Visitor: 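This is the structure I want to talk about, given as structure tokens.
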Protein chains: 2
Amino acid sequence: MTRSPIWKSIVTELEGDIARGHYAPGDKLPTEAELSRRFGVNRHTARRALADMAERDVVHARRGAGVFVKAAPFDYPIGERVRFSQNARASGRTPEKRTLRLETRPCDATEAKALALSEGSPVLVYEGLSLAGGTAIAHFFSVFPEPRLPGLRQAIEAHGTVTEALRAVGVPDYTRAQTRLTAEAATPVQALHLTMREGQPLLRSESVNHGPDGTPVEYGLTWFAGDRVTLTISATEAGGRHAPDTSTP
Amino acid sequence: MTRSPIWKSIVTELEGDIARGHYAPGDKLPTEAELSRRFGVNRHTARRALADMAERDVVHARRGAGVFVKAAPFDYPIGERVRFSQNARASGRTPEKRTLRLETRPCDATEAKALALSEGSPVLVYEGLSLAGGTAIAHFFSVFPEPRLPGLRQAIEAHGTVTEALRAVGVPDYTRAQTRLTAEAATPVQALHLTMREGQPLLRSESVNHGPDGTPVEYGLTWFAGDRVTLTISATEAGGRHAPDTSTP
DNA sequence: AAGCATTTGTTCGTATGTATG
DNA sequence: CCATACATACGAACAAATGCT
């Protein structure tokens with residue numbers, strides 16, 4: 001009968017600390033050197049424990065930076081109605097938007113087609129970042145038909161959220177008409193904004209939202225950080241909300 | 001009045017060749033050197049033409065490899081019912097599956113939970129590649145509850161498609177209960193199977209399919225090549241049952 | 001912008017205990 | 001008892017990425 005190895009007991013100790021909130025998701029664990037001192041073992045033995053935890057996606061290491069507790073991925077249900085702020089609050093995080101651009105300019109061919117406009121019509125471009133609980137989740141790029149939605153720009157500046165801004169200019173509700181999803185590599189600028197490395201996988205969503213009367217009100221592109229977001233589609237999308245599974249054995 | 005530049009005429013010539021099928025999606029264009037000889041121009045002029053086409057996403061260049069015609073992304077509608085073979089045929093490509101693994105083994109904790117089994121129950125594992133028109137589109141990994149579906153293994157070996165195999169063992173229809181989507185980087189083995197580079201973005205889908213009586217019949221993971229597939233979700237999916245697509249025999 | 005300290009990642013080598021045959 | 005294989009643990013040095021000044 002073999003005794004259980006030291007590194008396993010280190011794993012259970014550390015995971016216990018995480019479970020009882022001593023180290024929160026996103027937090028940096030002590031360095032390997034510190035751990036090896038704390039447990040009185042060689043650095044390799046501490047590494048072995050961390051490697052095991054990394055294998056099971058409990059933590060992840062960044063060379064030169066440290067070992068971090070994996071953040072539970074942000075669950076983003078997409079159905080007919082998708083509201084970022086609602087989703088964020090539902091998972092207990094503070095939603096936030098950071099505006100990168102808010103301007104009016106003539107639309108290009110793709111945008112014209114999606115919004116059923118003639119090419120060159122003025123559109124409001126709203127580009128920015130969506131944050132949840134302080135960390136950047138997605139990079140969005142939305143285009144609105146300016147003539148159909150007078151005052152939207154001021155409404156967005158005032159309210160921050162798209163849902164409220166649209167309501168303020170007379171669109172009480174909007175639904176997702178069509179969505180196209182692909183995976184893409186992060187460009188250098190996106191990597192900078194989302195604090196990830198260039199080339200890391202992004203989940204790209206291209207969608208058109210319609211108003212209650214069926215006219216398109218938004219053409220939007222969103223790039224979600226692949227390691228931070230899971231889009232969920234439920235068959236009973238209207239129905240019940242699943243409780244998030246946060247169990248860590 | 002300036003004459004139209006030479007490179008533009010090269011662009012129209014090449015795009016004509018592509019349009020009339022002389023170069024198919026995914027094909028490698030002649031090298032810059034060959035093009036410059038063929039058109040009797042300097043290599044930089046040919047480069048200018050290729051750069052313009054790359055800008056408009058008609059082709060893409062891979063250093064050291066060549067310039068390739070961009071593959072038209074494979075449109076993959078996901079709704080309640082998702083049938084790969086149907087989707088492939090609808091876009092005019094021959095569907096094909098390549099089996100990497102077909103075996104029975106005890107299930108792990110995740111699989112047990114998804115399929116409502118007790119941990120360690122025997123499950124049928126079906127892993128392979130989905131090809132459309134000869135090119136690999138996705139890497140799939142499916143798990144079926146063996147005890148509930150006796151004879152499924154032979155049915156899969158015989159029929160090739162999951163839909164037909166399930167029908168053969170008494171599951172006339174199945175619907176997608178829940179789907180979770182993320183973007184991930186391709187592992188070295190996946191990159192090999194999908195003929196892409198390691199780390200390239202994949203669209204990962206995790207889903208559970210239910211039989212008509214509501215019991216789970218399949219827990220499946222699929223990794224779609226990001227540059228070759230677009231998942232589409234249309235708003236009009238919830239309502240009526242879609243008639244089977246008979247547009248292409 | 002360049003340099004420096006910090007931190008993880010990798011690769012040598014060494015030693016020990018345990019199961020196998 | 002010996003040979004072998006394997007996992008565990010420790011030590012030292014260097015490489016590479018990161019963050020800070």
Side-chain angles (χ1 to χ4, degrees), chain A residues 1-19 21-74 96 98 100 129 131-139 183-202 223-229 248-249, chain B residues 63-64 105-106 108-109 120 182-192 196-202:
Chain A
M1 182 77 179
T2 57
R3 297 192 316 283
S4 79
I6 303 175
W7 62 264
K8 274 205 175 178
S9 67
I10 297 180
V11 166
T12 50
E13 182 123 352
L14 286 177
E15 291 191 349
D17 283 354
I18 293 171
H22 187 46
Y23 302 117
D27 278 7
K28 183 176 170 302
L29 289 187
T31 68
E32 296 175 350
E34 282 172 322
L35 287 177
S36 65
R37 256 182 284 126
R38 164 174 159 188
F39 292 103
V41 296
N42 187 276
R43 194 183 137 218
H44 279 302
T45 312
R47 272 185 70 75
R48 182 82 169 78
L50 294 172
D52 179 80
M53 292 167 72
E55 182 99 10
R56 288 176 296 106
D57 279 347
V58 179
V59 299
H60 67 114
R62 276 175 49 208
R63 154 154 45 170
V67 177
F68 301 83
V69 179
K70 261 246 162 127
F74 180 65
E96 197 184 335
R98 193 163 300 159
L100 296 175
L129 303 175
L131 324 199
T135 57
I137 289 296
H139 168 217
E184 281 185 356
T187 65
V189 265
Q190 286 177 324
L192 188 69
H193 283 141
L194 297 172
T195 54
M196 57 191 334
R197 276 198 290 279
E198 177 182 349
Q200 288 286 96
L202 298 176
W223 290 267
F224 297 94
D227 56 345
R228 301 193 260 250
V229 180
T248 325
Chain B
R63 182 187 346 198
R105 62 150 172 73
D108 70 15
T182 332
E184 280 185 355
T187 66
V189 265
Q190 286 176 326
L192 189 68
M196 55 191 335
R197 279 196 293 277
E198 177 183 348
Q200 289 285 97
L202 297 176

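Values below: every heavy atom of this structure, side chains too, minus hydrogens, waters and symmetry copies. Model, not experiment: these values are computed from the prediction. Chain identifiers are assigned alphabetically (A, B, ...) following the order of the sequence lines, protein sequences preceding nucleic acid strands; residue numbering begins at 1 within each chain.
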Visitor: Which one, D/dT18, D/dT8, C/dT8, comes nearest to the side chain of A/V67?
Guide: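 Comparing D/dT18, D/dT8, C/dT8 against the side chain of A/V67, the answer is C/dT8.
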Visitor: A/N42 has a side chain; which of D/dC10, D/dA9, C/dT8 sits nearest to it?
Guide: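 For the A/N42 side chain, the nearest candidate turns out to be D/dC10.
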Visitor: Tell me the interatomic distance from A/F68, atom CZ, to C/dT8, atom P, rounded to whole angstroms.
Guide: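 That distance rounds to 9 Å.
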Visitor: So what does A/R48 hit on the nucleic acid, given a heavy-atom distance under 4.0 Å: a base, only sugar-phosphate, or nothing?
Guide: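 Here A/R48 touches the backbone only, sparing every base.
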Visitor: Which of these nucleotides, C/dG9, D/dC10, D/dA9, is closest to any side-chain atom of A/W7?
Guide: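 For the A/W7 side chain, the nearest candidate turns out to be D/dA9.
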Visitor: Among D/dC10, D/dG19, D/dA17, which nucleotide sits nearest the side chain of A/V41?
Guide: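 Of the options given, the side chain of A/V41 lies nearest D/dC10.
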Visitor: Between P on C/dT7 and CD on A/E32, what's the gap in Å once rounded to a whole number?
Guide: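 Value for this atom pair: 10 Å.
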Visitor: Nearest heavy atom decides the nucleotide; on that basis, is A/A65 or A/R47 closer to the 5' end of DNA chain C?
Guide: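 This one resolves to A/A65.
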Visitor: For the residue pair A/W223 and A/H139, does the interplanar ring angle fall in the parallel (under 30°), tilted (30 to 60°) or perpendicular (over 60°) class?
Guide: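 The arrangement is parallel - the two ring planes meet at less than 30°.
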Visitor: Can you figure out which of D/dA9, C/dT8, D/dG19 approaches the side chain of A/R62 most closely?
Guide: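 Of the options given, the side chain of A/R62 lies nearest D/dG19.
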Visitor: Looking only at N and O atoms, is any donor in the side chain of A/R43 or the base of C/dG9 less than 3.5 Å from an acceptor on the other one?
Guide: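 Such a pair exists between side chain and base.
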Visitor: May I ask you to say what A/L50 touches in the nucleic acid, namely base, sugar-phosphate or nothing, with a heavy-atom cut-off under 4.0 Å?
Guide: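 The residue A/L50 makes no contact with any strand.
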